[in-house]
Amino acid sequence: TSPGIEATARVGVQANQQSYVTFQNLNVRKTSQSCFDLYQLNHGTVTSSTTSYCGKKGIAFYGASNFATIGYNNVSYSAETGISINDADYGHVYQNDVSHSGVLHDDEDGIRIVGNAGNNWVYNNYVHDNTDQTGPIGIRGIELDTITYPNVNWVQNNVATRCNHSGILVEASTNQQVWNNLSYRN
């Protein structure tokens with residue numbers, strides 16, 4: 001993966017309105033936008049990749065990017081959220097190491113599921129050391145944020161530690177399932 005992809009004035013990897021696209025074993029760093037910017041990408045996969053120094057998000061699936069698979073990635077030093085699923089269903093976020101999210105913006109997350117999103121599974125992730133932002137709100141490890149009813153998402157078997165807001169937060173959402181996680185030193 002050395003030297004990887006350096007994209008100083010653009011998105012690192014972008015795929016829009018596609019289906020069945022897989023990104024594997026990539027090293028994406030130093031972007032001015034998101035390292036992986038995946039809009040309306042159905043059955044998209046990002047696995048075994050590394051992102052660092054992303055100008056926005058590390059890995060972002062959004063706009064009905066259904067059936068996302070995000071696994072075995074190392075996501076660090078994202079200006080905003082490390083891994084984000086926004087308005088998308090049936091995603092799996094697993095076995096990721098996410099750290100140093102929100103280095104330029106307050107009120108961000110290591111992993112975030114937000115909006116009209118349902119049937120997403122977040123499991124076996126290690127979210128840690130999200131303390132670079134010193135703003136009044138801070139950075140959360142994992143957040144389920146304003147999930148529209150009746151959507152349900154599942155968060156299990158994750159470790160969230162050393163985040164300067166909270167380890168795991170369910171914000172303005174009902175019927176979300178969170179169990180068997182370890183959250184400490186937040």
(request) Of all the heavy-atom pairs spanning His100 and Asp132, show the shortest one and how long it is. (result) ND1-OD2, 2.7 Å

(request) Could you grab the distance from atom NE2 of His43 to atom CZ of Phe67, nearest 0.5 Å is fine? (result) 5.0 Å

(request) Decide whether Val155 and Phe61 are clustered together by the hydrophobic rule: side chain heavy atoms of Ile, Leu, Val, Met, Phe, Trp, Tyr closer than 4.5 Å, transitively. (result) yes

(request) Give, for atom CG of Asp97 and atom CG of Asn74, the distance between the pair rounded to the nearest 0.5 Å. (result) 4.5 Å

(request) Kindly determine whether Ile85 and Ile70 satisfy side-chain contact (heavy atoms from CB on, under 4.5 Å), including the steps that lead there. (result) CA-CA 10 Å; Ile85 293 182; Ile70 306 166; 4.3 Å; yes

(request) Flag the pair Tyr94 / His92 as yes when their ring centroid distance falls below 6.0 Å, and as no otherwise. (result) no

(request) Give a yes or no answer on whether the side chain of Asn164 reaches the backbone of Gly138 with a donor-acceptor pair at less than 3.5 Å. (result) no

(message) Checking the side chain of Thr161 only, and the main-chain atoms of Tyr184 only, is there a donor and an acceptor separated by less than 3.5 Å?
(response) yes

(request) Kindly say whether Gly63 contributes a backbone atom to a donor-acceptor pair with the side chain of Asp87 at under 3.5 angstrom? (result) no

(request) Check for a donor-acceptor pair, side chain of Thr31 on one end and backbone N or O of Gln33 on the other, with a separation under 3.5 Å. (result) yes

(message) How close do Gly110 and Ser101 get, counting heavy atoms only, and between which atoms?
(response) CA-OG, 3.5 Å

(message) Check whether Gln17 reaches the backbone of Gln40 with its side chain - one donor and one acceptor, N or O, closer than 3.5 Å.
(response) no

(request) Determine, step by step, whether Asn158 and Val127 satisfy the side-chain contact (heavy atoms from CB on, under 4.5 Å) criterion, reporting the C-alpha distance in whole Å, the side-chain angles of both residues, the deciding distance to 0.1 Å, and the verdict. (result) CA-CA 8 Å; Asn158 299 284; Val127 185; 5.9 Å; no

(request) Indicate yes or no: at least one non-hydrogen side-chain atom of Leu38 is less than 4.5 angstrom from one of Val46. (result) yes

Indicate every side-chain donor-acceptor pair of residues 140-152 with a distance under 3.5 Å to a residue at least two apart or in another chain.
from	atom 1	to	atom 2	distance (Å)
Arg140	NE	Asp109	OD1	2.6
Arg140	NE	Glu143	OE1	3.0
Arg140	NH1	Asp107	OD1	2.9
Arg140	NH2	Asp107	O	3.4
Arg140	NH2	Asp107	OD1	2.8
Arg140	NH2	Glu108	O	3.4
Arg140	NH2	Asp109	OD1	3.3
Arg140	NH2	Glu143	OE1	3.2
Thr148	OG1	Asn116	OD1	2.9
Thr148	OG1	Asn151	ND2	3.0
Asn151	ND2	Asn116	OD1	2.9
Asn151	ND2	Thr148	O	3.2

(request) Please say whether more than 12 non-hydrogen atoms of neighbouring residues, nucleotides or ligands are located less than 6.0 Å from OH in Tyr90. (result) no

(message) If I compare all heavy atoms of Gln18 with all of Val21, which pair ends up nearest, and what's the gap?
(response) CB-CG2, 3.8 Å

(message) If hydrophobic clusters are built by linking Ile, Leu, Val, Met, Phe, Trp and Tyr wherever their side-chain heavy atoms come under 4.5 Å apart, do Val103 and Ile59 end up in the same one?
(response) no

(message) Using only atom types and a distance under 3.5 Å, with no angle test, would you say the side chain of Asn125 pairs donor to acceptor with the backbone of Val93?
(response) yes

(message) Under 4.5 Å between side-chain heavy atoms, counting indirect links through other Ile/Leu/Val/Met/Phe/Trp/Tyr residues: same cluster for Val178 and Val98 or not?
(response) yes

(request) Drop me the distance from Leu26's CG to Thr50's OG1, to the nearest 0.5 angstrom. (result) 9.0 Å

(request) Could you tell me whether the side chain of Asn175 reaches within less than 4.5 Å of the side chain of Gln177, counting heavy atoms only? (result) yes

(message) Using 0.5 Å steps for rounding, measure from the OG atom of Ser84 to the CD1 atom of Ile111.
(response) 10.5 Å

(request) Under the side-chain hydrogen bond (donor to acceptor under 3.5 Å, both in side chains) rule, collect the residues that match up with Gln156, sequence neighbours excluded. (result) Trp179

(request) First locate atom CG of Asn120, then atom CD of Gln176, and finally report the distance between them rounded to the nearest 0.5 Å. (result) 9.5 Å

(message) For a quick test of reading the model, state the closest non-hydrogen atom pair linking Gly167 to Ala160 and the distance between them.
(response) O-CB, 3.6 Å

(request) Measure the acute angle between the ring planes of His128 and Tyr126, then classify it against the limits of 30° and 60° as parallel, tilted or perpendicular. (result) parallel

(message) Please determine whether a side-chain nitrogen of the Lys or Arg among Lys56 and Glu80 lies less than 4.0 Å from a carboxylate oxygen of the Asp or Glu.
(response) no

(request) Heavy atoms only: give me the nearest Thr81-Arg112 pair and the separation to one decimal. (result) CG2-CB, 3.9 Å

(request) Measure the shortest side-chain to side-chain distance between Ser49 and Val28 over non-hydrogen atoms and say whether it is less than 4.5 angstrom. (result) no

(message) Please find the pair of heavy atoms, one from Gln95 and one from Asn124, that lie closest to each other, and give the distance.
(response) OE1-CB, 2.9 Å

(request) Using the side chain to side chain donor-acceptor pair (under 3.5 Å) rule, collect all pairs that involve residues 64-73, keeping only residues at least two apart or in two chains. (result) Asn73-Asn96

(message) When you group the ILVMFWY residues by side-chain heavy-atom contacts below 4.5 Å and let the links chain together, are Leu104 and Ile139 in the same group?
(response) no

(request) Could you tell me the separation between the NZ atom of Lys30 and the OG atom of Ser52, rounded to the nearest 0.5 Å? (result) 8.0 Å

(message) Any heavy-atom pair between the side chains of Thr51 and Tyr77 that's under 4.5 Å?
(response) no

(request) Find out whether Ile168 and Asn186 are in side-chain contact, i.e. whether some heavy atom of one side chain is under 4.5 Å from a heavy atom of the other. (result) no

(request) Indicate, with yes or no, if Tyr123 and Trp154 share a hydrophobic cluster defined by side-chain heavy-atom contacts under 4.5 Å among Ile, Leu, Val, Met, Phe, Trp and Tyr. (result) yes

